[in-house]
A.B. asks: 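This is the structure I want to talk about, given as structure tokens.
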Amino acid sequence: MEKKYFQPEIETMPVEEIKKLQEEKLLKQVKYVYENNKYYKKLMDEKGVKPEDIKCLADLSKLPFLTKNDLREAYPYGLLSRPLSDCVRIHSTSGTTGKRVVAFYTQNDIDIWEECCARAIVAAGGSENDVCQVAYGYGLFTGGAGLHGGSHKVGCLTLPMSSGNTERQVQFMQDLDATILCCTPSYAAYIGEKIEEMGIKPEDLKLKAGIFGAEPWTEEMRRSIEKSLGIKAYDIYGLTEISGPGVSFECEAQSGMHINEDHFIAEIIDPETGEVLPEGQEGELVFSSIDKEAFPLLRYRTRDLCVLTREKCSCGRTHVKMCKPKGRSDDMLIIRGVNVFPSQIETVLLKKGYTPNYQIIVDRIGNEDTFDINVELSEENYKKIHAADNEEASERDLVNAMKTMLGIRPKIHLLAPKSIVRSEGKAVRTIDKRKLH
Ligand code: ADP
Ligand code: K
Ligand code: ZN
């Protein structure tokens, strides 16, 4: 029989029990970190907090925050809490927003992380009867290693493809009857495109599910990938600093990701004041890892903007759910004084029938911000628009739709098919040339 949960007793544990478990682990962890990590001890001392002051879950908010700047300052060993002889692995962030930071793992840390990924795979319908194609990058990036380990734990036949070499990717998918695909959503979209180009129909594949994450993607993008690959597409979230993918994952309800609360405590804070916000309000996501050994971060500010909800989920899991992060506070562009998220642009493009291949270029000329969006046309759209000599009208229509969504008017440039470079990992959507001046 197909398993519905990887660890049912934990994944469906009554909320009160989860909170009790979190409290026990938190108290122990604060003491452990205080005694084993000079960097965090100093932050606690500066704030005048002692481990004894943390007596219950609500006391969490007394602890100091950690930020990416702390990680950079403490690089490489400052936030390590174990002797290196106890550690077995290093990973590093993708460096999307600056200098990379490194994280360390003991064998126990790896086991827990892989279990979290195994929960995600089982939630997507995975079992020992599946062939799981891992097309996240292998190496320093956590994507490949995390899902690879999770796939093993579930007992799937694991296909460790890593990213890239897309034709071979599709060839193996077909020849070896892969049923689950794990990669970034932008790479999944590219694989979908490649399949069509190779004359393969989604029905010709055995693929049934995809586990996509590591970058923001919209609901519109989800539908487009589900169609092009003939699958159900599940979201997965995580960050290197806290372990990697699998901090949270989507279930069959596809309406937010369950956070693995037996290992991580999530808070939402006001990014300006640092104040904890009540459930249901949007703010910055903060994580405390309550049983990590090598690199146990407390109150780590992710900069991801998000909402938490504890509404009952139809899948039976009891762990709190986070919405799709809208993007990082640092993905947000301020153009002519207006906040713009790349995800808003993606939504408009896909709703209007364009491809998810686009690029945002922002610059400043004199005192004014320039705002351009390059949008690649599909073969079909390209032919249609050119046959009807409709280019200007199409651009105007898209400018207006963007104005409605964003409040400001971009310049739109419709480009020929295949003119924007595809991503095999995390897509680079924005070029902000203002930073170069
Ligand atoms: P970097 O911070 O250098 O990109 P990571 O590879 O550790 O390093 O990336 C973690 C970040 O990726 C998260 O903080 C988040 O911004 C983003 N991310 C991961 N998974 C998702 C997801 N499912 N949806 C949106 N963003 C995600
Ligand atoms: K198997
Ligand atoms: Zn659920």
Side-chain angles (χ1 to χ4, degrees), residues 4-5 8 11-12 67-69 71-72 91-103 113 116-117 119-120 122-124 136-137 139-147 163 182-186 188 210-219 221-222 225 233-261 264 266 284-287 295 297 300-306 309-332 341-343 346 423 425-429:
K4 202 170 168 205
Y5 313 104
E11 293 175 65
T12 63
T67 64
K68 200 144 193 161
N69 272 342
L71 267 74
R72 287 182 181 139
H91 280 286
S92 159
T93 59
S94 318
T96 313
T97 58
K99 191 176 167 226
R100 290 163 177 267
V101 300
V102 290
W113 172 30
C116 288
C117 290
R119 289 179 194 174
V122 173
Y136 282 108
L140 280 172
F141 177 49
T142 50
L147 271 307
S163 59
C182 307
C183 61
T184 60
S186 53
I211 303 176
F212 306 131
E215 62 180 355
W217 52 312
T218 55
E219 280 303 325
M221 180 88 155
R222 186 207 305 265
I225 295 171
Y234 297 84
D235 203 353
I236 185 167
Y237 168 93
L239 61 169
T240 314
E241 297 91 318
I242 297 303
S243 61
V247 170
S248 66
F249 62 92
E250 229 172 26
C251 61
E252 66 206 26
Q254 289 181 307
S255 62
M257 296 175 272
H258 290 284
I259 295 173
N260 285 308
E261 288 192 286
F264 315 108
E284 181 179 348
L285 190 56
V286 173
F287 282 110
F295 205 69
L297 303 189
Y300 181 65
R301 293 183 61 158
T302 63
R303 297 184 291 179
D304 291 320
L305 298 176
C306 201
T309 47
R310 210 179 267 285
E311 271 161 40
K312 207 168 170 188
C313 188
S314 57
C315 77
R317 288 180 184 78
T318 47
H319 295 205
V320 73
K321 287 207 284 196
M322 59 182 266
C323 72
K324 259 181 184 310
K326 176 153 140 211
R328 274 199 273 225
S329 44
D330 34 283
D331 289 336
M332 190 183 79
F341 281 96
S343 58
E346 187 175 298
S423 149
K426 299 194 191 212
V428 180
R429 306 283 193 199

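Read the numbers this way: they start at 1 and go in the same order the structure lists the ligands and their atoms.
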A.B. asks: Please state whether E215 comes within less than 4.0 angstrom of ligand 1, counting heavy atoms only.
C.D. replies: yes

A.B. asks: Considering only heavy atoms of D235, which atoms of ligand 1 have at least one such atom less than 4.0 Å away?
C.D. replies: 22 (C), 23 (N)

A.B. asks: Less than 3.5 Å between some nitrogen or oxygen of I236 and one of ligand 1, yes or no?
C.D. replies: yes

A.B. asks: Taking 4.0 angstrom as the limit and counting only heavy atoms of P325, give me the atoms of ligand 1 inside it, by number and element.
C.D. replies: 24 (N), 25 (C), 26 (N)

A.B. asks: Determine whether the side chains of E215 and S186 contain a donor N or O and an acceptor N or O closer than 3.5 Å.
C.D. replies: yes

A.B. asks: Mind reading off the angle at the Zn ion (ligand 3) between the NE2 atom of H258 and the SG atom of C313, rounded to 10°?
C.D. replies: 110°

A.B. asks: I'd like to know if R303 contacts ligand 1, where contact means a heavy-atom distance under 4.0 Å to any ligand atom.
C.D. replies: no

A.B. asks: Show me which atoms of ligand 1 lie under 4.0 Å from any heavy atom of K68.
C.D. replies: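 By the 4.0 Å cutoff, the relevant atoms are 2 (O).
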
A.B. asks: Only heavy atoms of F141, strictly under 4.0 Å: list the atoms of ligand 1 that pass.
C.D. replies: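 Close to F141: 6 (O).
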
A.B. asks: Within a distance under 4.0 Å of any heavy atom of D304, pick out the atoms of ligand 1 and give their elements.
C.D. replies: 13 (C), 14 (O), 15 (C), 16 (O)

A.B. asks: Where the Zn ion (ligand 3) is the centre, what is the SG-to-SG angle for C251 and C315, rounded to 10°?
C.D. replies: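 Taking the Zn ion (ligand 3) as the apex, the two atoms subtend 110°.
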
A.B. asks: Show me which atoms of ligand 1 lie under 4.0 Å from any heavy atom of T240.
C.D. replies: 5 (P), 6 (O), 7 (O)

A.B. asks: Taking only non-hydrogen atoms of F212, do any sit less than 4.0 angstrom from ligand 1?
C.D. replies: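 No, that is not the case, since the closest heavy atom of the residue is not under 4.0 Å from the ligand.
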
A.B. asks: Could you please spell out the steps behind the salt bridge (Lys or Arg N to Asp or Glu O under 4.0 Å) verdict for E261 and R310?
C.D. replies: CA-CA 12 Å; E261 288 192 286; R310 210 179 267 285; 2.8 Å; yes

A.B. asks: K4 side chain to C315 main-chain N or O, any donor-acceptor pair under 3.5 Å?
C.D. replies: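 It does hold such a pair.
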
